[in-house]
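Encoded as structure tokens, the structure appears first; notes follow it.
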Number of protein chains: 2
Amino acid sequence: MDSKKVIITLIKINYEINIQLMTALKPYGISIQQFNVLRILRGQKGVAANLSTVQERMINKMSNTTRLIDKLIEKSFVERIICKENRRKIELFITNKGLVFLNQIDPVIDKVEEKMIGHLKNQDKEKVVSLLKQFDFS
Amino acid sequence: MDSKKVIITLIKINYEINIQLMTALKPYGISIQQFNVLRILRGQKGVAANLSTVQERMINKMSNTTRLIDKLIEKSFVERIICKENRRKIELFITNKGLVFLNQIDPVIDKVEEKMIGHLKNQDKEKVVSLLKQFDFS
DNA sequence: AAACAATATTTGTTACGACAAAAATATAAA
DNA sequence: TTTATATTTTTGTCGTAACAAATATTGTTT
């Protein structure tokens with residue numbers, strides 16, 4: 001099989017996944033990127049996160065995290081404080097409002113994900129992941 | 001296995017693929033999207049393509065094809081003529097310069113694709129594709 | 001023909017990714 | 001201490017995606 005075909009298939013599937021996720025989030029007025037940043041901040045469990053910490057955990061490392069977080073602050077889902085020990089750094093927290101919002105959305109996303117691949121056998125899901133991890137990006 | 005893990009893995013792999021392709025194209029001053037439009041136009045083998053034809057064949061159907069093509073016209077890789085029979089339509093052609101350019105880039109992309117998954121067994125490539133096609137986006 | 005609907009493309013807006021450069025602060029070296 | 005270097009975040013710019021609305025043209029109906 002042509003390598004090109006595999007790549008194109010994967011890119012198309014990714015595109016479809018994105019559409020599904022976007023569509024599910026749309027009624028809630030939040031983008032996938034903002035949603036992911038919120039999830040990262042929730043994962044901190046009250047511990048402050050620096051911008052760089054968030055950035056490391058994001059999929060798109062080159063995105064502009066400052067402005068993504070600006071949007072979340074506008075919505076009062078996130079708070080930004082200047083770090084006392086090192087004033088170059090900032091400290092980011094998810095607010096209560098952000099937590100409530102996120103908890104509301106989680107099942108929506110879970111449902112979309114299950115719809116997309118919930119019918120796959122466990123063995124098949126593991127096979128996809130193991131095959132994808134064999135891709136070489138060195 | 002968690003469906004979420006499969007989805008996230010796929011999104012991350014797609015991200016890496018994009019980086020590899022982008023990096024390969026960068027020295028040539030062209031984006032993946034522009035490159036793909038050029039390939040679509042080459043596939044026409046001299047037959048004019050309408051904007052809508054190009055759009056149908058693109059992966060990102062919602063992208064702004066008009067402006068993507070504007071960029072290619074600036075580079076003299078594409079020509080745009082208003083269709084005589086139906087002046088709402090436009091006719092798009094890849095130029096000779098565009099063809100030469102594309103032929104120069106093809107092997108570069110092929111090489112990147114081979115580097116990423118050329119080492120996979122034929123059977124494994126087919127397995128990935130067949131598993132990915134089982135995803136449900138209805 | 002005039003009005004209306006359908007089709008094809010363009011334009012405008014918002015959000016984000018990629019990336020370079022600037023700004024602010026901290027740390028280390030001379 | 002002054003200078004240089006490193007770190008962290010912010011800002012600016014461009015390209016593109018998503019999407020709505022506008023425009024132009026054609027086709028259809030009355």
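So you know, we letter chains A, B, ... as the sequences are listed, proteins then strands, and number each from 1.
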Handout entry: Val37(A) side chain reached by Gln33(A) side chain, heavy atoms, under 4.5 Å
Key = no

Exercise for the section: Apply side chain to side chain contact (heavy atoms under 4.5 Å, CB included) to Thr65(B) and list each qualifying residue two or more places apart in sequence or on a separate chain. Expected result: Leu51(B), Val54(B), Gln55(B), Met58(B), Ser63(B), Ile69(B)

Exercise for the section: Specify the separation, in whole Å, of atom CD of Gln55(B) and atom C1' of dT9(C). Expected result: 9 Å

Practice task
Taking only Lys NZ, Arg NE, NH1 and NH2, and the carboxylate oxygens of Asp or Glu, determine whether Asp70(A) and Arg80(A) approach each other closer than 4.0 Å.
Solution key: yes

Handout entry: Flag side-chain contact, heavy atom, 4.5 Å: Asp106(B) against Asn103(B)
Key = yes

Handout entry: Ile17(B)-Val129(B) co-clustered via ILVMFWY side chain contacts under 4.5 Å
Key = yes

Exercise for the section: Taking atom CD of Gln104(A) as the centre, report whether more than 12 heavy atoms of other residues, nucleotides or ligands fall under 6.0 Å from it. Expected result: yes

Handout entry: Leu25(A) CG to dC16(C) P, straight-line distance once rounded to whole Å
Key = 12 Å

Exercise for the section: Could you tell me whether the side chain of Arg88(A) has a donor or acceptor atom within less than 3.5 Å of a complementary atom in the base of dT7(D)? Expected result: yes

Fill in the blank from the handout: Within residues 33-42 of chain A, those residues having any heavy atom closer than 4.0 Å to DNA chain C are Gln33(A), Gln34(A)

Problem - First encountered from the 5' end of DNA chain C, between Glu85(A) and Ile32(A) - result: Ile32(A)

Problem - Nearest-angstrom distance from the residue atom CD1 of Ile30(B) to C1' of dC14(D) - result: 16 Å

Exercise for the section: Evaluate whether atom NZ of Lys61(B) has more than 12 neighbouring non-hydrogen atoms of other residues, nucleotides or ligands under 6.0 angstrom away. Expected result: yes

Exercise for the section: Give the rounded distance in Å between these two atoms: CD of Glu91(B) and C1' of dT9(C). Expected result: 14 Å

Handout entry: Met62(A) CE - dA20(C) P separation (whole Å)
Key = 9 Å

Exercise for the section: Using the side-chain contact (heavy atoms from CB on, under 4.5 Å) rule, pick out the option among Ile94(A), Leu92(A), Thr95(A), Ile30(A) that qualifies with Leu72(A). Expected result: Ile30(A)

Problem - First encountered from the 5' end of DNA chain C, between Met58(A) and Asn86(A) - result: Met58(A)

Practice task
Hey, which sits more toward the 5' end of DNA chain D by its nearest nucleotide, Ile90(A) or Ser31(B)?
Solution key: Ile90(A)

Fill in the blank from the handout: Here the distance between atom P of dG17(C) and atom CD1 of Ile11(B), to the nearest Å, is 12 Å

Exercise for the section: May I have the distance from Asn50(A) (atom CG) to dA26(C) (atom C1'), rounded to whole angstrom? Expected result: 14 Å

Problem - Residues in contact with DNA chain C, drawn from residues 63-81 of chain A - heavy-atom cutoff 4.0 Å - result: Ser63(A), Asn64(A), Arg67(A), Leu68(A), Lys71(A)

Problem - base_contact_polar (dT25(D) base, Arg87(B) side chain, donor-acceptor, <3.5 Å) - result: no

Completion exercise
Ranking Leu51(A) and Met22(A) by the position along DNA chain D of their nearest nucleotide, the one closer to 5' is Leu51(A)

Exercise for the section: Output yes when Asp136(A) and Lys115(B) qualify as a salt bridge under the 4.0 Å nitrogen-oxygen rule, no when they do not. Expected result: no

Exercise for the section: Starting at atom NZ of Lys89(A), determine the distance to atom C1' of dT7(D), rounded to an integer number of angstrom. Expected result: 9 Å

